[in-house]
Amino acid sequence: GCIQKPFRADALSALLQKVASCRGEISEAMLEEAVEREELDLHYQPYLDLQSRRIIGAEALVRWQHPQRGPIPPSAFIPMAEKSALIGKVTDLVLAKAVAQAARWNDRLAPLDISINLSARSIQDVTFPEQILRLCRQHSLNPARIVFEITETAAMQDPVMLMDVLTRLRLKGIRLSIDDFGTGYSSLAQLRRLPFSELKIDLSFVSTMMASRDSEIIVKTIIDMARNLGLRTVAEGVETPTILERLGELGCNVAQGYLIGRPMTAPQIPSFLGNYAAAQ
Ligand code: C2E
Ligand code: MG
Ligand code: MG
Ligand code: MG
């Protein structure tokens with residue numbers, strides 16, 4: 001049922017797209033259309049403060065709700081979008097939704113921080129700080145509620161180039177986090193010059209830290225180093241109570257993972273918060 005009858009010129013690209021789609025491929029044109037139709041939406045995954053045992057925020061994770069295929073994970077389209085200017089449109093949509101949602105939570109529900117993933121390309125744009133501040137003003141969200149996560153690999157691509165934009169964001173109170181920390185080959189000296197306030201320890205170390213002595217040493221070393229540098233640590237991929245407990249002992253600040261909560265839709269957040277607080 002994939003192939004249609006009409007062969008008008010304007011239908012040709014649609015047809016080619018459908019053929020690609022039948023073969024399981026995702027094209028830039030499909031993604032562009034999805035962005036225009038706002039088929040991208042955000043799921044939110046809670047952040048638990050290990051000291052207060054409270055949910056202090058959530059990370060926005062983009063999902064492509066494909067009408068036929070169902071949800072497509074970001075790993076299947078973000079790398080493709082990053083190769084073209086499309087990532088700009090994806091980022092604009094993500095920012096608009098995440099800032100609006102965080103503003104609603106802060107107005108009506110609870111003081112929550114919002115962590116948003118950024119591609120290197122988005123922050124290479126010198127107008128980016130002004131764009132995000134305009135959004136914050138529009139929705140009356142305090143910029144200090146925002147944490148931007150940038151992968152270690154992206155941050156290291158051109159640290160000098162990023163310096164200007166990152167510094168301007170930081171001066172407005174926005175926090176910056178190095179995502180997937182430990183997986184890149186960064187020079188700490190260089191990373192240190194950028195105004196980051198958080199290290200997010202990669203899931204590959206966290207999820208294996210009880211089974212592998214090496215992983216545990218890596219996690220411990222990152223936490224110790226971050227503390228000495230005055231940076232907050234977030235552990236991603238926390239799936240068991242033993243790992244959560246060990247992270248607390250090691251002095252990790254914040255945990256995220258399936259144990260605490262899976263990525264969920266915005267309407268699921270209020271009852272999640274209620275249930276979580278009640279279970280404590
Ligand atoms: P990330 O920022 O490192 O996000 C964490 C990923 O780990 C998420 O996958 C999350 O669902 C998953 N995860 C969280 N807890 C657990 C756990 O306990 N166990 C396991 N196995 N996995 C867990 P997701 O949502 O598929 O996102 C994948 C990556 O896509 C993200 O990695 C991020 O780099 C990127 N991404 C997501 N949303 C955006 C976005 O809006 N913009 C950009 N540029 N990248 C995004
Ligand atoms: Mg992230
Ligand atoms: Mg990460
Ligand atoms: Mg990761």
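For the single chain, residues carry numbers from 1 onward in sequence order. Because only heavy atoms are used, hydrogens play no part in the values below, and waters and symmetry mates are left out as well, while side chains stay in. All values reported here derive from a predicted model rather than from experimental measurement. Numbering of ligands and ligand atoms starts at 1, following listing order.
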K.L.:
Tell me, yes or no, whether the heavy-atom count around Arg54 atom CZ, taken from other residues, nucleotides or ligands under 6.0 Å, exceeds 12.
P.N.:
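Not buried by this count: 12 neighbours or fewer within 6.0 Å.
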
K.L.:
Between Asp179 and Thr151, do the side chains contain an N or O donor and an N or O acceptor separated by less than 3.5 Å?
P.N.:
no

K.L.:
What do you reckon, does Gln45 have a nitrogen or oxygen under 3.5 Å from a nitrogen or oxygen of ligand 1?
P.N.:
yes

K.L.:
Pick from Leu166, Leu194, Ile178: which one makes a side chain to side chain contact (heavy atoms under 4.5 Å, CB included) with Ile150?
P.N.:
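Passing option: Leu166.
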
K.L.:
Looking only at distance, does Val62 have an N or O less than 3.5 Å from an N or O of ligand 1?
P.N.:
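Yes: some nitrogen or oxygen of Val62 is under 3.5 Å from one in ligand 1.
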
K.L.:
Which bit of Thr151 gets closer than 4.0 Å to ligand 1, counting heavy atoms only: side chain, backbone, both or neither?
P.N.:
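Neither; no heavy atom under 4.0 Å.
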
K.L.:
Please indicate whether any nitrogen or oxygen in Glu236 is less than 3.5 Å from any nitrogen or oxygen in ligand 1.
P.N.:
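Right, the criterion is met.
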
K.L.:
Applying a heavy-atom cut-off of 4.0 Å, say which part of Pro73 lies close to ligand 1: side chain, backbone, both or neither.
P.N.:
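Within the 4.0 Å criterion, Pro73 makes no contact with ligand 1.
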
K.L.:
What is the distance from atom CD1 of Ile123 to atom CG of Asp125, rounded to the nearest 0.5 Å?
P.N.:
10.5 Å

K.L.:
Give the atom numbers and elements of ligand 1 that come within less than 4.0 Å of a heavy atom of Leu203.
P.N.:
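Under 4.0 Å from Leu203, ligand 1 has these atoms: 7 (O), 20 (C), 22 (N), 23 (C).
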
K.L.:
Apply the side chain to side chain contact (heavy atoms under 4.5 Å, CB included) test between Leu42 and each candidate in Leu61, Leu93, Val62; give the one that qualifies.
P.N.:
Val62

K.L.:
Can you tell which part of Asp202 has a heavy atom less than 4.0 Å from ligand 1: side chain, backbone, both or neither?
P.N.:
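Answer for Asp202: neither.
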
K.L.:
Determine, using heavy atoms of Gln256 and all atoms of ligand 1, whether some pair is separated by less than 4.0 Å.
P.N.:
no

K.L.:
Step through the shown structure and confirm whether more than 12 heavy atoms of other residues, nucleotides or ligands are within 6.0 Å of NZ on Lys220.
P.N.:
no

K.L.:
Which value, rounded to 10°, describes the OE1(Glu149)-the Mg ion (ligand 2)-OD2(Asp179) angle?
P.N.:
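Roughly 90°, rounded to 10°.
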
K.L.:
Does His139 reach the main-chain N or O of Leu141 with its side chain, forming a donor-acceptor pair under 3.5 Å?
P.N.:
no

K.L.:
Looking only at distances, please establish whether an N/O atom of ligand 1 is found under 3.5 Å from an N/O atom of Glu82.
P.N.:
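Checking ligand 1 against Glu82, no N or O pair falls under 3.5 Å apart.
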
K.L.:
Ignoring hydrogens and angles, state whether a donor on the side chain of Asp49 or Ser52 is under 3.5 Å from an acceptor on the partner side chain.
P.N.:
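A pair is found: one side chain offers a donor N or O, the other an acceptor, under 3.5 Å apart.
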
K.L.:
Measure from the side-chain N and O atoms of Thr208 to the backbone N and O of Ser204, and report whether any donor-acceptor pair falls under 3.5 Å.
P.N.:
yes

K.L.:
Please state whether Arg262 comes within less than 4.0 angstrom of ligand 1, counting heavy atoms only.
P.N.:
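The answer is no, since Arg262 has no heavy atom less than 4.0 Å from ligand 1.
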
K.L.:
Counting only heavy atoms, which portion of Asn117 has something under 4.0 Å from ligand 1: side chain, backbone, both, or neither?
P.N.:
both

K.L.:
Is the shortest N/O to N/O distance between Ser75 and ligand 1 below 3.5 Å?
P.N.:
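Such a contact does not occur with ligand 1.
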
K.L.:
Taking a cutoff of less than 4.0 Å between a non-hydrogen atom of the residue and any ligand atom, is Arg63 in contact with ligand 1?
P.N.:
yes

K.L.:
Verify the neighbour count for atom CD of Gln124: are there more than 12 heavy atoms of other residues, nucleotides or ligands below 6.0 Å?
P.N.:
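Counting other residues, nucleotides and ligands, CD of Gln124 exceeds 12 neighbours.
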
K.L.:
Has Glu59 got an N/O/S atom less than 2.8 Å from the Mg ion (ligand 2)?
P.N.:
yes

K.L.:
Does Ser115 bring an N, O or S atom to under 2.8 Å of the Mg ion (ligand 2)?
P.N.:
no

K.L.:
Could you tell me whether some N/O pair between Lys200 and ligand 1 is separated by less than 3.5 angstrom?
P.N.:
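N/O-N/O distance below 3.5 Å does not exist for this pair.
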
